[in-house]
Number of protein chains: 2
Amino acid sequence: MTANGETAGVDADGRRPLRRATTILGKKWHPLLIQTLLAEESLGFNDIKAEIGGISDKVLSESLADLQDAGLIVREIVEEQPVRVNYSLTPAGRELEPIIEGLERWSQTHLADAS
Amino acid sequence: MTANGETAGVDADGRRPLRRATTILGKKWHPLLIQTLLAEESLGFNDIKAEIGGISDKVLSESLADLQDAGLIVREIVEEQPVRVNYSLTPAGRELEPIIEGLERWSQTHLADAS
DNA sequence: CAGTATCCAAATAGATACTG
DNA sequence: CAGTATCTATTTGGATACTG
């Protein structure tokens, strides 16, 4: 037992960062959005929508706002007519690359493919 | 554009494994459970509950069943009186270690601590 | 093109009480 | 000790229609 009453293993300060991370990355489309932007450098709203597939305007919009609030992506408005908006990863977002790739590889070797 | 109609970036086969992984690991307590079991080798139901904190019996029970179905943990019944049950990671579950740790470190350096 | 606004459905999680 | 059974609450996600 530690000085502050833990029995062993992961202490409270070890669990909280993981919880913070999964609060963001646990949403259905967020990891896919990161993955998509990792591969593409910069994409517009409808480009993302087409690449991901199956996501509604509303959910995509909310998801992008979430990731923006968390500091993982940046939204850049390009003043043309009609207006374009480019989404890209921040350095923080880009640093998720090994994690996303690790997850992908782990999944391929350990999770059964439904098809 | 590729032979099967993709414009670029992540193709359909690149997104699906990630989606499979996040379908499991996107549940609120699952990553915390993995993290806890990574640190402990083997734990009983109430031990896990105490270590995690804030999870109800029902949700813990369901979460453990999920992870078991996915092949990430094993449930071993120890015939004593009263009955004990030990939960531990399978090799597949244990291979999530670098990913969980990566997420933890990423969170510590890039996500604001609420406290 | 890039979204909002509504409304609705489904999935998840939590509280509480009880059991082998 | 290790759960299950209920019932409720909250959170997410989705369909559709409309807008600057």
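We name chains A, B, ... by the order of the sequence lines, and we start the count at 1 in each one.
Inspection of the Glu101(B) and Gln35(B) side chains reveals no N or O donor paired with an N or O acceptor under 3.5 Å.
Proximity of Tyr87(A) to the phosphate of dG3(C): a side-chain N or O atom is located under 4.0 Å from OP1 or OP2. Taking 4.0 angstrom as the limit, Lys58(B) places none of its side-chain polar atoms (N or O) nearer than this to OP1 or OP2 of dT12(C). Side-chain N/O atoms of Ser61(A) include none lying less than 4.0 angstrom from OP1 or OP2 on dA2(C).
Here the P atom of nucleotide dA2(C) and the CD atom of Gln81(A) are 12 Å apart, to the nearest Å. Atom P of nucleotide dC1(D) and atom CD of Glu76(B) are separated by 18 Å, given to the nearest angstrom. We find that NZ of Lys28(B) is positioned 10 Å from C1' of dT10(D), with the value rounded to whole Å. Per the geometry, NZ belonging to Lys49(B) stands 11 Å off C1' belonging to dT16(C), to the nearest Å. Here dG14(C) presents its P atom at 7 Å from CD1 of Ile55(B), a figure rounded to the nearest Å. Rounded to a whole Å, the CG atom of Asn46(A) is 9 Å from the P atom of dG3(C). The interatomic distance linking Leu60(B) (CG) with dA13(C) (P) rounds to 12 Å, in whole Å. Rounded to whole Å, atom P of dT11(D) lies 17 Å from atom CD1 of Ile24(A).
Atom CD1 in Ile52(A) sits 8.0 Å away from atom CG in Leu37(A) (nearest 0.5 Å).
Backbone-only engagement by Lys27(B) is indicated by non-hydrogen atom pairs under 4.0 Å involving sugar-phosphate atoms exclusively. Within the 4.0 angstrom heavy-atom criterion, only backbone atoms of the sugar-phosphate kind lie near Val83(B); the bases stay farther away.
Judged by distance alone, the side chain of Ser88(B) and the main-chain N or O of Ser42(B) form no donor-acceptor pair under 3.5 Å. The main-chain N or O of Leu25(B) is never found under 3.5 Å from a side-chain atom of His30(B) such that the two would form a donor-acceptor pair.
Across Arg20(B), Lys27(B), Arg19(B), a single residue satisfies side-chain hydrogen bond (donor to acceptor under 3.5 Å, both in side chains) together with Thr23(B), and that is Arg19(B).
Nearer the 5' end of DNA chain D, as judged by each residue's closest nucleotide, is the contact made by Asn86(B), out of Asn86(B) and Pro82(A).
The side chain of Arg75(A) lies closest to dG3(C) when the candidates are dG3(C), dG14(C), dC1(D). Between dT4(D), dT4(C), dG14(D), one nucleotide has an atom nearer to the side chain of Trp29(A) than all others, and that is dG14(D).
In this structure, dG20(C) and dC1(D) make a Watson-Crick or G-U wobble pair, each of the two defining distances being under 3.5 angstrom.
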